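Beneath this line is the structure, given in structure tokens, with notes to follow.
All values derive from a computational prediction rather than experimental measurement. Just so you know, ligand 1 is whichever comes first in the structure, and atom 1 is the first atom listed for that ligand.
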Amino acid sequence: MMDLKSQINIEKLPRHIAIIMDGNGRWAKQHGKPRVFGHRNGVTAVRETTEAAAELGVEYLTLYAFSTENWNRPKLEVNALMRLLVETLNKEVETLNKNDIRLQAIGDIRKLPERTYQALQQGIERTKDNSRMTLVLALNYSSKWEIMEASRRLAQQVQAGELSPADINEQVFSNALNTSGMPDPELLIRTSGENRISNFLLWQIAYAELYFSPVFWPDFRKEHFYQAIIDFQHRERRFGKISEQLVQ
Ligand code: IPE
Ligand code: IPE
Ligand code: MG
């Protein structure tokens with residue numbers, strides 16, 4: 001059997017892939033373990049996916065790790081997740097540096113617990129000169145929050161006389177988002193068989209290809225990631241045009 005990696009056309013890689021990492025809790029339940037066990041095992045999938053993306057030459061990989069809605073989970077789980085983040089960030093920064101990967105974050109990160117915030121800032125600072133790939137963690141992130149914040153920022157600029165309402169266009173608006181400077185994701189993957197977006201990158205995925213995998217996140221491996229990219233590369237991205245208008 002031909003291996004999956006060799007079926008990928010490196011010339012037509014998405015520049016930016018975003019992933020909604022879902023299914024940790026159900027995976028744990030399947031194994032008769034508490035939900036936190038699933039989160040811990042999800043770290044392996046993060047490592048695998050990050051490595052696979054960097055090896056292929058993807059420029060941006062964005063991982064949805066904690067939504068603003070996730071604060072509504074039982075306190076025990078939220079606390080365990082925040083601790084796991086600190087632990088993982090501290091442990092993995094060295095590997096990121098070895099692989100020339102830069103860490104960034106989107107979301108209302110200032111409202112994370114102090115220790116999580118510090119670990120994140122340190123990771124960002126210690127990897128800031130790396131250039132092979134950017135790994136973006138969405139933490140305390142929600143798209144509606146991000147869009148609201150961008151609107152507020154632009155309104156303030158208008159009020160201060162620095163910006164005219166007539167000058168607000170797609171580019172200006174994009175630049176006011178947390179993802180300013182990043183290309184929009186061409187491919188969005190969600191694991192665990194849920195078919196929804198859950199408040200993730202609503203503006204940025206306007207024209208992304210969506211790929212839903214039934215695999216629970218802790219089981220997600222390089223091969224699953226390759227499969228998503230191969231699927232993406234077989235799609236026709238028309239952007240409103242008709243098939244015949246597309247060159248090649
Ligand atoms: C995704 O897995 C991880 C986070 C949202 C932090 P879940 O914890 O949502 O797992 P399920 O969806 O309950 O199985
Ligand atoms: C979305 O997963 C958020 C993250 C992956 C961090 P959820 O499991 O929280 O989403 P819903 O609640 O099922 O929509
Ligand atoms: Mg879930």
Side-chain angles (χ1 to χ4, degrees), residues 16-50 53 60-89 91-92 103-113 115-117 119-120 123 135-149 177-179 182 185 187-205 208 210-221 224-225 228:
H16 185 173
I17 300 178
I19 307 184
I20 302 174
M21 311 183 286
D22 199 13
N24 295 354
R26 279 163 285 165
W27 184 90
K29 196 168 187 180
Q30 254 184 3
H31 290 76
K33 295 273 172 47
R35 292 180 57 84
V36 176
F37 182 73
H39 298 316
R40 293 205 153 270
N41 279 275
V43 177
T44 312
V46 171
R47 219 177 278 131
E48 282 255 327
T49 312
T50 306
Y60 290 87
L61 177 69
T62 298
L63 303 178
Y64 202 4
F66 194 87
S67 73
T68 56
E69 287 82 10
N70 287 145
W71 294 113
N72 297 321
R73 293 190 177 194
K75 207 169 164 180
L76 201 85
E77 181 173 347
V78 171
N79 290 343
L81 269 169
M82 290 301 149
R83 269 200 309 274
L84 180 63
L85 269 162
V86 176
E87 203 181 296
T88 308
L89 282 164
K91 205 161 74 197
E92 300 295 327
L103 182 70
Q104 291 204 327
I106 55 172
D108 197 359
I109 59 169
R110 207 41 273 218
K111 297 216 179 78
L112 292 168
R115 289 193 51 196
T116 310
Y117 176 75
L120 184 62
L135 173 65
V136 184
L137 291 184
L139 280 170
N140 194 17
Y141 177 88
S142 97
S143 191
K144 284 191 176 179
W145 167 82
E146 182 189 35
I147 291 169
M148 240 165 36
E149 280 300 307
L177 296 168
N178 282 192
T179 49
M182 302 177 196
L187 171 61
L188 172 71
I189 301 171
R190 183 172 189 147
T191 60
S192 89
E194 302 296 355
N195 300 326
R196 59 176 168 270
I197 303 299
S198 302
N199 216 345
F200 192 42
L201 301 175
L202 298 176
W203 169 281
Q204 297 88 338
I205 61 164
L210 310 182
Y211 181 87
F212 298 102
S213 164
V215 174
F216 290 148
W217 179 249
D219 285 333
F220 200 77
R221 291 293 173 270
H224 301 112
F225 185 66

*Relative to ligand 1, is Ser67 under 4.0 angstrom through side chain, backbone, both or neither, heavy atoms considered?*
neither
_Would the distance check show the side chain of Asn72 and the main-chain N or O of Glu69 forming a donor-acceptor pair, the cut-off being under 3.5 Å?_
yes
*For ligand 1, which atoms have a heavy atom of Asn70 less than 4.0 angstrom away?*
5 (C)
*Just which atoms of ligand 2 are under 4.0 Å from any heavy atom in Asp22?*
8 (O)
*Can you tell which of Arg26, Lys29, Met21 gets a heavy atom nearest to atom 11 (P) of ligand 1?*
Arg26
_To the closest 0.5 Å, what do you measure between CD1 (Ile17) and CD1 (Ile189)?_
5.5 Å
*asked:* Are the side chains of Leu201 and Ile106 in contact, using a 4.5 Å heavy-atom criterion?
replied: yes
*Go through the side-chain N and O atoms of Glu48 and His224 and say whether any donor and acceptor fall under 3.5 Å apart.*
no
*Going by the order shown, which atoms of ligand 1 are within less than 4.0 Å of some heavy atom of Ala65?*
6 (C)
_ligand 1 atoms in contact with His39 (distance to a heavy atom under 4.0 Å)_ = 3 (C), 8 (O)
*Going by the order shown, which atoms of ligand 2 are within less than 4.0 Å of some heavy atom of Phe66?*
6 (C)
*Could you check atom 10 (O) of ligand 1 against the protein and tell me its nearest heavy-atom contact, residue, atom and distance included?*
Gly25 N, 2.9 Å
*asked:* Working to the nearest 0.5 angstrom, can you tell me the gap between Thr49 OG1 and Met21 CE?
replied: 9.0 Å
_So if I count the atoms of ligand 2 from 1 in the order they appear, which ones are less than 4.0 Å from some heavy atom of Ile20?_
5 (C)
_Distance check below 2.8 Å: does Asp22 bring an N, O or S atom to the Mg ion (ligand 3)?_
yes
*Against heavy atoms of Arg73, which atoms of ligand 2 measure under 4.0 Å?*
7 (P), 8 (O), 9 (O)
*Could you tell me if any non-hydrogen atom of Gly23 lies under 4.0 Å from any atom of ligand 1?*
yes
